[in-house]
Amino acid sequence: RGGVWYAVLDDYTGRSLVPPTQADAGGSRPRVHAVGDSLHLYFVRAASNEVRVWRFLPAAPTEAPTQSILLTNIDGALPLYDIDTDTTKAVIAWRDTDALIGVAYIHQGGSIGGAGLGLPIPVVVAESPVRCLAVALDKLVEDEEERQVVVTWAAASKSYITLDYDLATV
C-alpha cells in the first residue's frame, strides 16, 4: 500500500464519506492543511521534481478534489519541504533543484501566489539545507502586513532566516 492515500470522514458521526482512496501511487511526504475555505492535500512526486496539491471542498466532501501541480522544481533527490497556514493562505519552503531554498505563499485556490493573486512573488534564499527544513508563519500579529515568515534548516552554516510579509529579508 505505497503512495499517498486519503479518506473523508464525517467529523460528527465518524462515518466514512469517501473510503480510503489512493491519490498517487508514486507520491510521498503527504501534508494536509486547511487553507481558506478548502482542505489541501500536498505531496511530492520525486521522479518529476513536483509538489502536487489536491483541493477538497468541505462543503461538498464527496466531490472529487481539484488536482494541480504546485511546484516543478523540488529537489527529487532530497525532497525537503514544509508548509504552514493562517486562515486565508499558506506558506511553503522547499529545497529546489539548485539545492537552494524556495519560499512562496500558496493561495487558497491551490496555486503559488503572486501579484495577480494579491500575494508576494516567490523568493529564493541562497542557503542549502542538508537534512531538514521547516517554515512558520507568524499568526500572532493582527496586521497581516506586519507578519513575518521564519524558515529554518539543518546545514553546516547559518540555519534560519526571518522574512517580512513580502518575503524580503528582515
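Small disclaimer: the values here were computed from a predicted structure and weren't measured.
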> Counting N and O atoms only, with roles assigned by atom type, does the side chain of Q108 sit under 3.5 Å from a partner on the main chain of D37, one being a donor and the other an acceptor?
Replying inline: yes

>> So which atom in L80 and which in I74 form the shortest heavy-atom distance, rounded to 0.1 Å?
In response: O-CD1, 3.8 Å

>> Restricting to salt bridge (Lys or Arg N to Asp or Glu O under 4.0 Å), what partner residues turn up for D75, sequence neighbours left out?
In response: R95

> Is any side-chain heavy atom of P122 closer than 4.5 Å to a side-chain heavy atom of I112?
Replying inline: yes

> Is L17 close to R15 at the side-chain level, that is, under 4.5 Å between some pair of heavy atoms?
Replying inline: yes

Going by atom type alone, with no hydrogens or angles, which donor-acceptor pairs under 3.5 Å involve a side-chain atom of residues 129-140 and a protein atom two or more places apart or on another chain?
| residue | atom | partner | partner atom | Å |
| --- | --- | --- | --- | --- |
| D138 | OD1 | L140 | N | 2.9 |
| K139 | NZ | D84 | OD1 | 3.1 |
| K139 | NZ | D84 | OD2 | 2.8 |
| K139 | NZ | T85 | O | 3.3 |
| K139 | NZ | L137 | O | 3.3 |

> How close do G2 and W5 get, heavy atom to heavy atom, and via which atoms?
Replying inline: O-NE1, 3.0 Å

>> Quick check: closest heavy atoms across I106 and L119, and the distance to 0.1 Å?
In response: C-CD1, 4.3 Å

> Counting distance only, does the side-chain N/O of H107 pair as donor-acceptor with the main-chain N or O of G109 below 3.5 Å?
Replying inline: yes

>> For the CG atom on D10, are there more than 12 heavy atoms of other groups (residues, nucleotides or ligands in this structure) within a distance under 6.0 Å?
In response: yes

> Does the gap between the ring centers of Y42 and Y81 come in under 6.0 Å?
Replying inline: no

>> I'd like to know if the side chain of D98 and the backbone of L100 have a donor-acceptor N/O pair within less than 3.5 Å.
In response: no

> If only atom types and distance count, is the side chain of R31 paired as donor or acceptor with the main-chain N or O of R29 below 3.5 Å?
Replying inline: yes

> Do V53 and W94 belong to the same hydrophobic cluster, where Ile, Leu, Val, Met, Phe, Trp and Tyr are linked whenever their side-chain heavy atoms lie under 4.5 Å apart, directly or via other members?
Replying inline: yes

>> Does the plane of the ring in Y105 sit parallel, tilted or perpendicular to the ring in Y165? Use 30° and 60° as the thresholds.
In response: tilted

>> Check R147 with D166, please: is the shortest side-chain N to carboxylate O separation under 4.0 Å?
In response: no

> Which value, rounded to the nearest 0.5 Å, describes the distance between Y6 atom OH and T21 atom OG1?
Replying inline: 4.5 Å

> Any chain of hydrophobic side-chain contacts (each under 4.5 Å) joining L78 to I101?
Replying inline: yes

> What pair of heavy atoms forms the shortest contact from P30 to V4, and how long is it?
Replying inline: CB-CG1, 4.0 Å

>> Determine whether a donor-acceptor pair (N or O, by modelled atom type, separation under 3.5 Å) exists between the side chain of S38 and the backbone of R55.
In response: no

> Of the non-hydrogen atoms in P61 and A59, which two are nearest, and what is the gap between them?
Replying inline: CD-C, 3.6 Å

> Looking only at heavy atoms, which two atoms of I161 and W153 are closest? And how far apart?
Replying inline: N-CZ3, 3.8 Å

>> Is there a path of hydrophobic side-chain contacts, each under 4.5 Å between heavy atoms, that joins V32 and F56?
In response: yes

> Would a distance-only check, ignoring hydrogens and angles, find a side-chain to backbone donor-acceptor pair under 3.5 Å from N49 to G76?
Replying inline: yes

>> When you measure from the side chain of S68 to the backbone of L70, do you find a donor-acceptor pair of N or O atoms at a distance under 3.5 Å?
In response: no

> Quick one: does H40's side chain have a donor or acceptor within less than 3.5 Å of a partner on A34's backbone?
Replying inline: no

> Quick one: do V150 and L167 end up in the same hydrophobic cluster if we chain Ile, Leu, Val, Met, Phe, Trp and Tyr together by side-chain heavy atoms under 4.5 Å apart?
Replying inline: no

